[in-house]
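Everything numeric here is computed off the predicted structure, so don't read it as measured data. In what follows, every chain begins at residue 1, and chains take the letters A, B, ... in the order their sequences are listed.
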Amino acid sequence: MTDRSQMPLPLAGAPSPLRRPPPQSRKELAVRAAGLHGRTVGEVATALGCELPTESRRGKGFIGQLAERALGADPAAGDRPDFPDLGVELKTIPMRRDIPVESTFCCSVTMATADTQLWESSRLRQRLGCVLWLPVDGVDVAALAERRFGRALLWEPSDRQLAQLRADWEDLIGALGSGRAVGGHEGQILQLRPKAADASVRTLAPADGGAALARPMGFYLRASFTATILADAR
DNA sequence: TCGTGATCATCT
DNA sequence: AGATGATCACGA
């Protein structure tokens with residue numbers, strides 16, 4: 001049997017950006033991710049034939065999508081995990097001296113049904129079942145191409161972490177479900193923030209006695225929580 | 001248009 | 001400086 005995952009990465013100059021085949025197991029995924037350790041964004045982009053964004057403002061999400069290609073994530077996963085067959089979600093995380101710099105977007109909130117959702121079947125619960133964290137160093141030190149992949153961590157939340165997540169989720173979704181506006185200051189390890197193309201976007205959400213238009217929101221993990229996850233593994 | 005990939009930029 | 005709210009790119 002041919003193991004395509006062990007084939008050398010293609011050279012630059014390919015007609016279109018390449019994507020590696022999906023990994024067949026979590027083990028294989030972990031091995032691939034380990035292979036990125038120490039490589040720069042520029043090296044990996046060249047190997048896959050990806051062009052680097054020219055302005056930093058235009059580069060949002062680039063490293064995440066590059067990592068998806070390098071590891072063989074399913075581009076059509078939609079709101080399923082990035083590796084649907086493995087139940088694994090991929091998150092690149094910008095680091096500064098071993099500390100996460102930013103919060104981590106997890107998923108959007110279906111505002112209209114915020115009053116009837118349950119934790120166990122929630123989008124957040126599904127997406128955080130197993131996460132491959134891929135640190136990327138040099139966020140404020142190096143140009144995009146010089147930033148370097150760190151040591152990946154395949155993580156499943158502990159019972160305690162799951163309880164923390166659930167408690168925050170229930171508080172936050174409960175507030176939305178009751179028609180209350182929620183800002184980023186609420187939640188111990190999770191937060192709700194606006195998530196839309198711009199500040200004018202509105203969607204239908206529960207309101208006192210009915211429904212009203214509100215800003216679409218997304219769940220984010222606070223950087224302080226992500227720091228504990230990554231620190232536990234070191 | 002929505003959801004996912006995040007980072008940017010302003011305010012405190 | 002850190003955190004919150006705003007914004008940019010892409011694919012289905």
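- Taking the nucleotide of DNA chain B with the nearest heavy atom to each of A:R147 and A:T110, the more 5' of the two is matched to A:T110.
- Checking the phosphate oxygens (OP1, OP2) of B:dG5, a side-chain nitrogen or oxygen of A:K91 falls inside 4.0 Å.
- A:A197 comes within 4.0 angstrom of a base, heavy atoms only.
- Listed nucleotides: C:dT7, C:dA9, B:dG5. Nearest to the side chain of A:R58: C:dA9.
- At a threshold of 4.5 Å between non-hydrogen side-chain atoms, the residues A:Y220 and A:K195 count as touching.
- Counting only heavy atoms from C-beta on, A:Q65 has its side chain closest to C:dC10 among B:dT7, B:dA6, C:dC10.
- We find that CD of A:Q191 is positioned 5 Å from P of C:dT4, with the value rounded to whole Å.
- Straight-line distance from the CZ atom of A:R80 to the P atom of B:dT4: 12 Å, rounded to whole Å.
- Side chain of A:E102 to backbone of A:P100: no donor-acceptor contact under 3.5 angstrom is found.
- Looking at A:R127, its side chain does come within 3.5 Å of a backbone N or O of A:D79 through a donor-acceptor pair.
- Put simply, CZ on A:R222 is 11 Å from C1' on C:dG2, counting in whole angstrom units.
- When each of A:G183 and A:R57 is assigned the nucleotide of DNA chain C bearing its nearest heavy atom, the one mapping closer to the 5' terminus is A:G183.
- Residue A:G61 is in base contact, counting any heavy-atom pair closer than 4.0 Å across all strands shown.
- Side-chain proximity of A:T92 to the nucleotides B:dG3, B:dA6, C:dG5 is greatest for B:dA6.
- Within 4.0 Å of A:A196, counting heavy atoms only, lies at least one base atom of the nucleic acid.
- Looking only at side-chain heavy atoms (C-beta outward), A:L86 and A:P81 stay at 4.5 Å or farther from each other.
- One atom, CD of A:E102, and another, C1' of B:dT4, lie 16 Å apart when rounded to the nearest Å.
- Within 4.0 Å of A:E55, counting heavy atoms only, lies no atom of the nucleic acid at all.
- Between A:S108 and the phosphate of B:dT4, there is a side-chain N or O to OP1/OP2 separation shorter than 4.0 Å.
- Residue-to-nucleotide proximity on DNA chain C shows that, of A:S103 and A:A76, the 5′-proximal contact is made by A:S103.
- For A:S56, whose side chain is taken as the heavy atoms from C-beta onward, the closest listed nucleotide among B:dG3, C:dA6, B:dC8 is B:dC8.
- Whole-Å rounding puts the A:M217 CE to C:dG5 C1' distance at 9 Å.
- Residues A:F225 and A:Q164 form a side-chain contact, since some pair of their non-hydrogen atoms from C-beta on lies under 4.5 Å apart.
- Side chain of A:T113 to main chain of A:T116: no donor-acceptor pair is present (N/O by atom type, distance under 3.5 Å, no hydrogens or angles).
- For the pair A:R96 and B:dT7, the criterion of a side-chain N or O lying under 4.0 Å from OP1 or OP2 is not met.
- Contact of A:Y220 with C:dA3 (side chain to base): no donor-acceptor pair of N or O atoms is detected under 3.5 Å.
- Rounded to whole Å, the distance from CD on A:E186 to C1' on C:dA3 is 14 Å.
- Applying the 4.0 Å criterion to OP1 and OP2 of C:dA6, one finds that A:R215 has a side-chain N or O inside that range.
- Looking at heavy-atom distances under 4.0 Å, A:P94 makes contact with sugar-phosphate atoms alone, never a base.
- Straight-line distance from the NZ atom of A:K195 to the P atom of C:dT4: 17 Å, rounded to whole Å.
- Computed from coordinates, the A:F105 CZ to B:dC8 P distance equals 17 Å when rounded to whole Å.
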